[in-house]
Amino acid sequence: QHAISIQNVSKIYQGGKQALDDVSFDVPQGSIFGLLGPNGAGKSTLINILSGMVMKSSGSASIWGFDLDADIRNAKANIGIVPQEIMFDPFFTPFEALELQAGLYGVPKSKRRSMELLRAMRLEDKADAYARTLSGGMKRRLLIAKAMVHSPPVIVLDEPTAGVDIELRQQLWEYVVQLNKNGTTVVLTTHYLEEAEQLCDEIAIINHGKLIAKKPTKELIGMA
Ligand code: ADP
Ligand code: ADP
């Protein structure tokens, strides 16, 4: 069983723009999987389909074996999405933001692990600070913690390092690698080839909505 399976997925937006054209690929469990492509390739559209924000026009997708159409509840329970844009209420503290998210996902009080997640993301000192006082890097780490509150086996990061300086990028990579070592399957989108090469076990390349390659990273290097 795959962590994520995408089968013949197409998306045509209202107005006629075709953002995805018959895309199929599987993400193996336990991997760090990179979705690589230039701006406008269709990466966000694919992520938004997985998160339920965008309806696909055709094809099928499943998360941890649960079909996105037939079994959305279980599909959603098995994935955590880290959006590209930083968004949370500036007046909540990181601890409150995680507790709120846990509530939204119906995680019982006895199973919550907000402090553990804050420690994993090195935010324990900021647990009770207001979110608006966090640095950019701290905010991105808080978004990762938020996506993990319901302990999903798969986490998807949409351009985690877009607009991030080199030092913070390196730091975010370390967190991603750590999550993966702890057993989480990681999917990330990026338009940086070196980022995908350094982090990912396997890379899918999309351009103009079409999948143009999907290979283990070591086979891709040298092709370009
Ligand atoms: P990427 O994330 O790879 O930059 P996107 O998935 O955001 O690519 O966009 C793929 C294509 O679909 C682009 O041409 C973009 O302009 C278009 N697009 C994205 N969202 C919409 C929308 N809501 N309506 C119409 N076209 C869209
Ligand atoms: P992102 O960078 O996260 O892909 P965009 O800046 O492409 O986001 O899109 C911002 C908003 O505009 C989204 O709601 C997206 O669906 C919409 N959008 C993007 N491209 C188009 C487009 N070509 N036509 C209509 N809406 C679009």
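All ligand and atom numbering here is 1-based and tracks the order in the structure.
If you look at Lys17 next to ligand 1, the close heavy atoms, those under 4.0 Å, all belong to the side chain.
By heavy-atom distance, the residue among Pro38, Gly37, Gly40 lying nearest atom 11 (C) of ligand 1 is Gly40.
In summary, the atoms of ligand 1 found under 4.0 Å from a heavy atom of Lys43, numbered by their order in the structure, are 1 (P), 2 (O), 3 (O), 4 (O), 6 (O), 8 (O). Proximity to Ser44 (heavy-atom distance under 4.0 Å) selects the following atoms of ligand 1: 1 (P), 2 (O), 6 (O), 7 (O). Residue Ala41 approaches ligand 1 through these ligand atoms, each under 4.0 Å from one of its heavy atoms: 1 (P), 3 (O), 8 (O). For ligand 1 and Asn39, the ligand atoms under 4.0 Å from any heavy atom of the residue are 4 (O).
Partner Glu99 forms a salt bridge (Lys or Arg N to Asp or Glu O under 4.0 Å) with one of Lys146, Lys109, Arg113, Arg112 and no other, that one being Arg112.
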Side-chain atoms of residues 117-136: list all donor-acceptor pairs with protein atoms under 3.5 Å, sequence neighbours left out, distances to 0.1 Å.
{"unit_1": "Arg122", "atom_1": "NH1", "unit_2": "Arg119", "atom_2": "O", "d": "3.0"}
{"unit_1": "Thr133", "atom_1": "OG1", "unit_2": "Tyr130", "atom_2": "O", "d": "2.7"}
{"unit_1": "Ser135", "atom_1": "OG", "unit_2": "Met138", "atom_2": "N", "d": "3.2"}

Acceptor/donor pairs from residues 31-43 side chains to any protein atom, 3.5 angstrom cut, sequence neighbours excluded:
{"unit_1": "Ser31", "atom_1": "OG", "unit_2": "Pro28", "atom_2": "O", "d": "2.7"}
{"unit_1": "Lys43", "atom_1": "NZ", "unit_2": "Gly37", "atom_2": "O", "d": "2.7"}
{"unit_1": "Lys43", "atom_1": "NZ", "unit_2": "Pro38", "atom_2": "O", "d": "2.9"}

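Under the 4.5 Å side-chain heavy-atom criterion for ILVMFWY residues, a single connected hydrophobic cluster contains both Leu20 and Val54.
Polar contact with ligand 1: absent for Ala19 (N/O pair, distance under 3.5 Å). At under 3.5 Å, a nitrogen or oxygen of Thr45, whether backbone or side chain, sits near a nitrogen or oxygen of ligand 1.
Between the side chains of Ser114 and Glu116, not a single donor N or O lies within less than 3.5 Å of an accepting N or O.
For the pair Ser5 and Asp26, the minimum side-chain heavy-atom distance is below 4.5 Å.
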